[in-house]
Amino acid sequence: MGLFRSAQDGIRALSDKRKRNHEIDEELESFIGESVSEKMRHGMSPEDAIRAARAEVGSTEVVRHKVWRAGWESAADTLWRDLTYTLRRISRAPGLVFVIVLSIGLGIAANATIFSIVSKFILSPAPVGDPSTLVTIYRTYDRGQCCNELPFPVYRDIREQAKSFSGVSAYDELVPASISSSGEPQRLWGQATSENYFDVAQLRMAAGRGFTANEYHAPVIVLGYRAWKQHFAGDPSVIGRPITVSGHLYTVVGIAPPNFHGLDPILDPQFWVPLGNLTELTANSPKEESRFTQWIRVVGRLQPGTTKGQAMQELNVIAERLAQAHPETDKNNGFHFEPTNAPPPRGKQAVVLFLTGLSAVALLVLFIACANVANLLLAQGAQRQREMAVRLALGATRAQLLRQLLIESIVLALAGGIVGVLLSIWATYALSSFHLPVPISVDTSVNVDARVLLYSFLLSLAAGFICGFVPAWTASRPLMPNALKGEEALARPGHRWSLRSSLVVAQISLSLILLCAAGLFLRSLENASRIDVGFRSRGLVMMAIDPQLHRYTPERSVQLLSAVRERIAALPGVVSASTSDGVPLSMGHRADGFEVPGRPKPQGQNVVELYMVGSDYFETLGIPRVAGRDLGEENPTATRVGVVNEEFVRRFFQGENPVGHIVNGAGVRYQIVGVVKNIKARTIDEDLRPVLYRSINQTIGPDPSQDGYTIMARYEGDPAALIDAMQHQIHAIDPALAVFNIKTMEEHVHEALFLQRLVGTIFTVFAVTGLLLAVIGLYSVMSYSVSQRTREIGVRMALGARASQVQSMIVRGGMRLAIVSLVIGLPLALAAARLTTSLLYGVRPWDVATFTLVPALLIAVALIACWIPSRRASRVDPIAALRMD
Amino acid sequence: MSDQPTDLIQGTLEMLILKTLALAPLHGYGIALRIEQVSAGAFRVNPGSLLPALSRMERAGHVKGDWHATENNRRAKYYELTVKGRRALQSETENWGRQIAAINRILEA
């Protein structure tokens with residue numbers, strides 16, 4: 001109240017200073033008047049009374065000043081005056097302002113962009129009511145090994161027994177469904193949740209409601225806000241209306257709030273249905289009663305007043321009780337919880353490490369930028385030494401000068417911060433275009449949010465202070481006698497190696513480190529993109545359908561997929577076509593542990609990648625056959641057959657011919673009928689993995705795919721026209737089928753390189769920025785030194801030095817700095833390179849090419865930066881130079 | 001010694017003003033005069049400290065100022081204690097009493 005009042009009065013006083021002054025004067029006048037009357041009442045003459053009263057009061061000006069000082073507004077007023085003075089001053093050197101603001105802007109942009117990733121994936125709270133009391137509960141195994149999802153009965157046990165939680169909810173991470181209202185059906189990803197999900201999350205729905213307590217099996221659905229806008233045109237009357245969800249009728253009961261996409265930071269589900277409907281929506285859904293299958297994610301809302309420690313204790317007690325009741329499944333298991341927004345504990349360390357590394361590198365860029373700005377301000381301070389000396393001589397204190405100079409650098413840095421934020425808005429937009437090569441829907445978009453803005457603001461403030469302090473300190477204490485005469489007053493006698501040279505050396509060394517890292521990552525990207533993935537990615541287009549989402553039985557699915565394949569293979573321009581349940585290089589697919597009866601244990605891991613494929617698969621993808629036969633339209637009831645790759649043969653058969661042998665994977669027996677060459681299965685930079693291709697016809701019934709089935713076509717000609725034609729053929733068979741994940745294999749492989757491209761891009765941008773800043777620093781130091789040494793150069797030339805000698809003298813001075821930087825920077829870069837090992841593909845951290853080319857490039861650029869000022873030096877006219885003053 | 005006006009202890013001026021205004025609203029000179037009279041000339045408050053103090057107290061909501069005519073037919077700003085000011089006076093007086101007692105104990109020890 002008092003604060004508000006004070007602010008209000010202060011602003012009023014500032015906005016009309018004349019009025020406020022008038023008020024003070026009036027009050028003072030009345031004070032004097034009363035004083036005079038009082039004195040006259042005691043018998044003074046009017047003249048004496050007035051004189052005495054005036055003497056008592058003193059100067060009106062002083063009183064006015066004191067009253068002003070009583071409020072905060074006078075401090076604000078001085079600050080404002082300093083600010084306007086600063087703005088007037090710096091507007092006289094627009095070139096300098098441009099370079100400084102851009103330097104800081106680039107540094108801040110680098111940090112804001114990286115921080116926006118941190119903000120999104122680490123810092124942002126779960127988009128629920130009170131994120132601080134919502135936790136995700138995991139199950140530990142082998143006495144505390146982290147972490148797994150929960151079997152459904154364990155969830156039920158927690159929900160019934162734990163008193164620390166006001167609510168415990170469970171959900172299946174991702175459930176596909178084909179959703180249609182009136183138009184073309186859409187395959188969307190959603191989640192199946194326990195009926196209390198929205199209550200536990202404490203979500204305020206955008207419209208309608210969540211699920212009620214008796215809706216565990218009810219055909220109701222909550223739509224995501226984006227799905228509602230995109231597929232239902234944001235029509236509010238959709239609530240209460242039935243829509244088709246994978247061939248079943250569900251009533252829309254609510255719309256989730258905007259920006260809500262589930263509780264995980266990265267998944268992007270767009271609808272929610274009650275968990276009891278899972279069996280009718282997905283084929284092969286996990287069994288609710290199994291205590292073995294760990295599949296359900298569980299979140300708990302802490303009871304008000306209950307601490308996390310108390311909740312953990314209670315969960316430990318429950319874990320012990322469960323271990324006794326179900327020793328065969330629950331022994332040695334425990335629980336663990338994390339804040340709901342936290343990255344999953346298994347990948348957490350890698351993510352945190354990666355982001356810490358990136359943040360450190362971004363700070364390096366900012367440091368280079370700050371060094372640049374400090375450098376420019378030092379040069380500028382040198383030119384202002386006379387002004388400083390005059391002001392000091394006139395009675396200004398050093399503290400006042402220091403404050404003025406610091407305000408200047410902070411204003412510049414804040415302007416740089418604004419530029420930086422604008423740049424990072426663009427950069428985050430570019431970053432959001434990196435897609436993960438996965439078939440599920442994920443949200444990896446990043447943007448500049450409030451946290452990023454605050455971070456950028458604080459960082460620019462700090463940058464302004466850091467890069468302004470040293471120049472301000474030196475500029476505010478010139479050698480007075482020299483300065484007033486207009487001579488060099490900042491260079492202390494006997495200092496050959498100036499502060500500015502050290503800054504430039506630091507800049508060049510740091511940018512050498514960045515450039516070397518960028519070089520390594522670019523080489524790695526080049527290697528990775530030239531990798532033989534084992535199949536021909538050019539001229540391949542693919543799209544997916546999921547017949548199970550349209551209530552197809554396995555038998556009808558087999559017929560449908562065969563029909564679709566035949567129709568598409570017959571299209572003009574299509575060389576061959578095939579079907580599969582997954583696309584290689586999707587970061588992971590189905591995999592099972594395998595063994596071969598009667599043979600020794602495999603060399604290395606026994607995990608085998610599994611793909612279901614239709615006829616002509618190897619021909620369509622261009623995977624060469626080594627032995628045996630391809631898979632065709634296999635008989636669903638015959639012995640299951642499989643084709644393996646060479647790595648499988650090496651691991652399980654020690655290189656002997658496996659054709660005809662039986663292998664056993666997770667209880668299923670396959671007879672090997674063929675061998676093909678290796679492919680990259682999960683990621684592009686992986687070591688070889690064993691792969692087993694099995695027949696769609698034989699597997700679609702017992703082990704259906706969650707991701708749908710992809711039709712791939714090798715074509716010649718225009719892919720766009722072909723994509724239309726393929727969709728047309730699919731809809732000719734069944735117009736209700738949703739078609740999704742349409743892309744060319746080249747696009748997919750491009751996405752599969754996302755990590756290499758991401759790191760390569762970030763480092764290249766950072767390194768080029770760093771180099772640019774360092775070169776500007778070197779150039780400005782050199783050209784400043786040339787302008788300072790004009791007279792010396794004039795004397796040298798008058799004494800007979802030739803232009804070329806002068807020029808080489810200047811260049812030598814600059815190159816000395818560059819060489820010193822290389823000597824310092826190269827060992828640091830070599831040390832830093834070792835940290836990048838885990839991110840490199842096909843290139844050693846101490847890569848000879850990188851570590852010779854990058855320094856050479858740096859020297860070349862440094863030469864140019866020195867050569868330009870040296871030319872100016874060589875053109876000095878000795879007569880003009882000596883006549884200068 | 002007694003003729004010389006004493007310097008006010010830092011921070012006590014506002015308390016004295018509050019106390020002075022507790023009886024009746026006064027204008028600036030009136031406050032100064034009353035403090036001088038009651039202290040028998042020991043404290044002489046000049047406008048250089050009085051007016052900033054009043055401005056501060058008005059900001060803090062302890063007093064409220066209004067322009068009225070004086071008995072000499074001049075316009076002057078009369079200050080009046082607010083409820084908040086009354087509370088402030090009470091707490092400051094108690095505080096002051098404690099301090100004085102403590103100081104006395106030290107001096108007499």
(request) Give a yes or no on this: more than 12 heavy atoms of other residues, nucleotides or ligands lie within 6.0 Å of atom CH2 of A:Trp80. (result) no
(request) For A:Arg89, look at atom CZ and say whether over 12 heavy atoms of other residues, nucleotides or ligands are found less than 6.0 Å away. (result) yes
(message) Under 4.5 Å from any heavy atom of chain A, what part of B:Ala53 do you find: side chain, backbone, both or neither?
(response) neither
(message) Counting only heavy atoms not in B:Lys77 (residues, nucleotides, ligands), do more than 12 fall under 6.0 Å from its NZ?
(response) yes
(request) Please flag which part of A:Arg41 lies under 4.5 Å from any non-hydrogen atom of chain B: side chain, backbone, both or neither. (result) neither
(message) Around atom NE2 of B:His68, are there more than 12 heavy atoms from other residues, nucleotides or ligands closer than 6.0 Å?
(response) yes
(request) State, yes or no, whether a side-chain contact exists between A:Lys66 and B:Leu51 at a heavy-atom distance under 4.5 Å. (result) no
(message) Quick check for you: among B:Pro47, B:Ser49, B:Gly28, which has the greatest number of heavy-atom pairs under 4.5 Å with chain A?
(response) B:Pro47
(request) Begin from the C-alpha positions of B:Ser55 and A:Glu23 and carry the test side-chain contact (heavy atoms from CB on, under 4.5 Å) through to its verdict. (result) CA-CA 11 Å; B:Ser55 156; A:Glu23 211 177 277; over 6 Å; no
(request) Give the member of B:Leu54, B:Leu33, B:Asn46 that has the highest number of heavy-atom pairs under 4.5 Å with chain A. (result) B:Leu33
(request) Determine which residues belonging to residues 27-36 of chain A lie within contact range of chain B, meaning some heavy atom pair is under 4.5 Å apart, and list them by number or answer 'none'. (result) A:Glu27, A:Leu28, A:Ser30, A:Phe31, A:Gly33, A:Glu34, A:Ser35
(message) Are there over 12 heavy-atom neighbours, none belonging to B:Arg75, within less than 6.0 Å of that residue's CZ?
(response) yes
